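Please read the structure below before turning to the comments.
Nothing here was measured: the structure is a model prediction, and the numbers come from that model. Below, each value reflects all heavy atoms present in this structure, side chains not excepted, and no hydrogens, waters or symmetry copies.
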Amino acid sequence: MIKFITVDQNSEKHIRFLFNLLSYRNFPISHKSTPNFEDHKTFVQNHPYRYWLIACLNDTYIGSTYICSDNVVGINLIKENNEDFIEIIKYVKKNYKPLKPIKSVRNKNFLININPKNEEFKKALIKMDIKHIQNTYLIE
């Protein structure tokens with residue numbers, strides 16, 4: 001069973017784990033290259049998410065999840081595993097509520113964006129019967 005720890009933005013251990021987690025990403029969405037440690041540390045210390053949690057299995061950090069103010073949920077795992085994705089999504093649904101909708105700004109439900117190549121995450125979403133509502137394209 002996965003346990004969750006709130007990210008402590010001043011904990012060197014949390015900052016270091018979250019930095020190392022970036023190197024395990026096979027399917028990045030928000031950036032093309034890994035930031036340097038100091039930039040990452042500043043990012044964590046500014047804590048841009050409503051909620052940010054580290055996922056632990058048997059006292060070992062396995063990933064993180066966050067909830068943004070636009071009701072987007074992000075999940076990053078060291079090892080892509082659809083059962084872990086499912087357990088994390090269930091935890092988020094059970095323990096957190098989306099913010100109220102704002103027309104053309106924020107959906108009334110939680111949303112998850114994934115890289116289209118992330119098959120394990122896709123399997124988890126399909127298995128949970130989570131509705132596919134859009135495809136997003138990046139204009140560079």
Side-chain angles (χ1 to χ4, degrees):
M1 180 177 185
I2 297 174
K3 294 184 180 175
F4 297 88
I5 301 168
T6 299
V7 169
D8 177 349
Q9 62 206 52
N10 298 307
S11 165
E12 194 67 30
K13 183 177 180 183
H14 287 189
I15 293 168
R16 179 87 36 209
F17 169 73
L18 293 167
F19 181 73
N20 291 336
L21 183 59
L22 292 174
S23 68
Y24 287 99
R25 282 192 182 174
N26 293 319
F27 308 105
I29 293 176
S30 60
H31 61 274
K32 289 183 180 179
S33 62
T34 303
N36 66 48
F37 182 76
E38 285 307 313
D39 288 344
H40 170 75
K41 184 174 183 175
T42 300
F43 179 83
V44 174
Q45 289 173 332
N46 288 320
H47 206 305
Y49 306 122
R50 280 179 58 209
Y51 304 103
W52 198 359
L53 309 166
I54 293 175
C56 307
L57 191 58
N58 302 322
D59 296 322
T60 301
Y61 294 171
I62 63 164
S64 73
T65 185
Y66 57 82
I67 301 172
C68 298
S69 59
D70 60 359
N71 291 336
V72 169
V73 176
I75 301 172
N76 297 294
L77 297 171
I78 290 174
K79 185 175 183 332
E80 306 289 324
N81 175 310
N82 72 61
E83 293 303 320
D84 291 342
F85 284 123
I86 289 169
E87 191 170 344
I88 291 169
I89 293 167
K90 286 180 179 179
Y91 179 86
V92 167
K93 284 176 60 177
K94 180 180 177 187
N95 293 282
Y96 299 94
K97 299 289 181 230
L99 293 173
K100 291 182 180 180
I102 299 173
K103 221 171 238 198
S104 297
V105 174
R106 180 170 58 217
N107 195 289
K108 69 178 182 175
N109 300 301
F110 285 131
L111 300 171
I112 297 176
N113 296 315
I114 69 167
N115 184 302
K117 296 176 185 170
N118 192 335
E119 294 299 325
E120 285 298 309
F121 209 157
K122 269 197 254 185
K123 285 181 200 174
L125 297 171
I126 290 166
K127 195 172 188 178
M128 294 183 74
D129 203 27
I130 292 178
K131 187 176 180 181
H132 180 198
I133 60 167
Q134 77 179 36
N135 293 322
T136 303
Y137 295 85
L138 177 67
I139 302 171
E140 294 181 325

Taking atom types as modelled, is there a side-chain donor on Asn118 or Asn115 under 3.5 Å from an acceptor on the other?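 Distance-only check fails for Asn118 and Asn115.
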Run the side-chain contact (heavy atoms from CB on, under 4.5 Å) check on Val44 and Trp52 step by step: do they pass? CA-CA 10 Å; Val44 174; Trp52 198 359; 3.7 Å; yes
Residues Ile75, Asp84; criterion side-chain contact (heavy atoms from CB on, under 4.5 Å); working and verdict: CA-CA 10 Å; Ile75 301 172; Asp84 291 342; over 6 Å; no
Cluster question for you: counting only ILVMFWY and a side-chain heavy-atom cut-off of under 4.5 Å, with indirect links fine, are Val92 and Ile2 together? yes
Common cluster, Tyr61/Phe43, ILVMFWY with side-chain heavy-atom separation under 4.5 Å: yes
Testing the basics here: between Ile112 and Leu125, what is the closest heavy-atom pair and its distance to 0.1 Å?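 Heavy atoms only, the tightest pair is CD1-CD2, 4.0 Å.
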Measure across His14 and Ile5 and return the closest heavy-atom pair with its distance rounded to 0.1 Å.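 Looking at all heavy atoms of both residues, the closest pair is CE1-CG2, 3.8 Å.
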I'd like to check [X] versus [Y] (side-chain heavy atoms, cut-off strictly below 4.5 Å). Are they in contact?
{"X": "Leu77", "Y": "Glu120", "answer": "no"}
{"X": "Leu18", "Y": "Ser64", "answer": "yes"}
{"X": "Ile15", "Y": "His40", "answer": "yes"}
{"X": "Phe17", "Y": "Val7", "answer": "no"}

Look at Lys41 together with Glu38 and state whether they make a salt bridge at an N to O cut-off of under 4.0 Å. no
Glu119 bridged to Lys122 by N-O distance under 4.0 Å: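 Answer for the salt bridge query: yes.
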Is the ring pair Tyr96/Tyr51 parallel, tilted or perpendicular, if the boundaries are 30 and 60 degrees?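 The arrangement is tilted - the two ring planes meet at 30° to 60°.
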Phe19 and Asp39: side-chain contact (heavy atoms from CB on, under 4.5 Å), yes or no, with the steps? CA-CA 10 Å; Phe19 181 73; Asp39 288 344; over 6 Å; no
Taking atom CG of Asp59 as the centre, report whether more than 12 heavy atoms of other residues, nucleotides or ligands fall under 6.0 Å from it.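 Open.
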